[in-house]
Number of protein chains: 2
Amino acid sequence: MTTGEPERIELPEEPTQARRFGKTRTAQSTALLEDYAELIADLLATGGEARPTDIARRLGVSHATAIKAISRLKREGLATARPYRGVFLTEAGEHLAARVRLRHRLVVDLLLAVGVPREAAEQDAEGLEHHVSDATLAAFSRFLAGR
Amino acid sequence: MTTGEPERIELPEEPTQARRFGKTRTAQSTALLEDYAELIADLLATGGEARPTDIARRLGVSHATAIKAISRLKREGLATARPYRGVFLTEAGEHLAARVRLRHRLVVDLLLAVGVPREAAEQDAEGLEHHVSDATLAAFSRFLAGR
DNA sequence: CCAAAGATGTAGCCTCAGCTACACTTGTCA
DNA sequence: TGACAAGTGTAGCTGAGGCTACATCTTTGG
């Protein structure tokens with residue numbers, strides 16, 4: 001901080017900046033769904049079952065919160081669940097989960113590739129992944145391939 | 001998706017995973033403050049004035065929303081503002097803004113360095129920057145230096 | 001076979017970050 | 001100098017995503 005540099009500040013055009021912030025806000029709202037979808041897919045793939053309480057514990061929230069989120073997943077056509085019978089993903093949900101998992105792995109791999117320690121990479125990826133665009137993802141992929 | 005790979009899925013330990021998600025949630029709540037602080041600092045540095053309406057237009061929100069956020073900044077001791085007289089940063093606010101700006105630049109530079117196109121880098125950095133830990137930032141810095 | 005434990009679901013509350021609508025200041029210029 | 005436009009502030013709404021408390025269902029072991 002406070003280097004000798006004069007700190008040239010270049011403000012983006014107003015509409016450009018507004019658009020960027022807007023997109024970021026949108027991304028935020030889908031982040032939660034993505035996390036749930038990915039986690040449900042993982043639980044189904046490993047344990048064979050995705051129960052609200054398990055999901056809640058994994059995410060570190062109360063089971064009531066998890067159930068509300070699951071309702072939202074259902075509303076958005078990403079999951080199905082019958083009372084007391086666990087949660088499953090629809091085709092759309094599976095697709096989302098697969099995409100998210102791939103992206104997550106790519107982000108972690110890139111972080112490791114540029115020298116980020118494993119635990120920090122895993123931690124940060126959890127937040128970062130939701131804000132990585134396709135263009136950036138493609139660039140990560142190329143970068144990782146070309147080494 | 002659906003590659004030939006068997007997709008080995010390795011679930012992290014439950015408490016580890018819960019902690020990661022928790023940290024990500026916390027980061028979310030500070031993200032907004034960081035954006036406002038950085039923008040206010042930029043406006044003060046370039047135009048000399050940071051008015052609620054300007055801030056709102058730059059962020060793409062209504063002026064009422066901006067004013068509410070500014071109240072929160074004041075509540076957190078990051079900004080000062082007298083009615084009808086513009087917004088200023090406290091010492092703490094300045095510090096935050098400086099840290100955020102440095103981090104932002106580092107994130108953009110790293111994205112560019114791994115081949116992300118400029119516009120995507122600028123866009124994605126807006127969302128990514130809030131989730132980059134100090135450890136990761138340090139790694140970025142080293143990576144950029146060592147080229 | 002049924003009682004208790006644990007899982008699930010519901011209700012109601014909170015805060016945050018959006019919004020619109022309306023009221024009030026400020027500053028400018030005819 | 002005073003009317004009006006632009007900026008500022010306030011009130012009250014929404015939805016999301018947290019929570020606790022309570023009610024209900026399932027499962028399991030004695």
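Labels below follow one simple rule: chain letters A, B, ... track the order of the sequence lines, proteins then strands, and each chain is numbered from 1.
Taking a heavy-atom distance under 4.0 Å as the criterion, the stretch of DNA chain D touched by chain B extends 5' to 3' from D:dG7 to D:dG18.
In this structure, the side-chain hydrogen bond (donor to acceptor under 3.5 Å, both in side chains) partners of A:Ser133, at least two apart in sequence or on a different chain, are A:Thr136, B:Asp124.
Salt bridge annotation for B:Arg101-B:Glu38: absent, with no cationic side-chain nitrogen under 4.0 angstrom from a carboxylate oxygen. Between B:Arg103 and B:Glu34, at least one side-chain nitrogen of the basic residue sits less than 4.0 Å from a carboxylate oxygen of the acidic one, meeting the salt-bridge criterion.
Grouped by direct or indirect side-chain proximity (heavy atoms under 4.5 Å, Ile/Leu/Val/Met/Phe/Trp/Tyr only), A:Leu112 sits with A:Val108.
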Where does DNA chain C pair, written as one dot-bracket string 5' to 3', with Watson-Crick or G-U pairs under 3.5 Å, ( ) inside the strand, [ ] for crossing pairs and | for another strand?
-> ||||||||||||||||||||||||||||||
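For B:Thr65, a side-chain nitrogen or oxygen approaches OP1 or OP2 of C:dC19 to under 4.0 Å. An OP1 or OP2 oxygen of C:dT8 is reached within less than 4.0 angstrom by a side-chain nitrogen or oxygen of A:Arg51.
Nucleic acid contact for B:Ala64: base, since at least one base atom lies under 4.0 Å from a heavy atom of the residue.
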What does the list of N/O pairs under 3.5 Å between the protein and nucleotides 25-27 of chain C look like, with a distance for each?
unit_1, atom_1, unit_2, atom_2, d
C:dT25, O4', B:Tyr84, OH, 3.1

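Of all the residues in residues 17-29 of chain A, not one reaches under 4.0 Å from DNA chain D with any non-hydrogen atom.
Between the side chains of B:Ser62 and B:Thr65, at least one donor N or O lies within less than 3.5 Å of an accepting N or O. If you check the side chains of B:Gln28 and B:His130, you find no donor sitting under 3.5 Å from an acceptor. Side-chain contact annotation: B:Arg20 with A:Gln123, donor-acceptor N/O pair under 3.5 Å absent.
The shortest distance between side-chain heavy atoms of B:Phe143 and B:Asp109 does not fall below 4.5 Å.
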Check the pair A:Ile40, A:Leu78 against side-chain contact (heavy atoms from CB on, under 4.5 Å), reporting the backbone distance first and the verdict last.
-> CA-CA 11 Å; A:Ile40 291 168; A:Leu78 296 170; over 6 Å; no
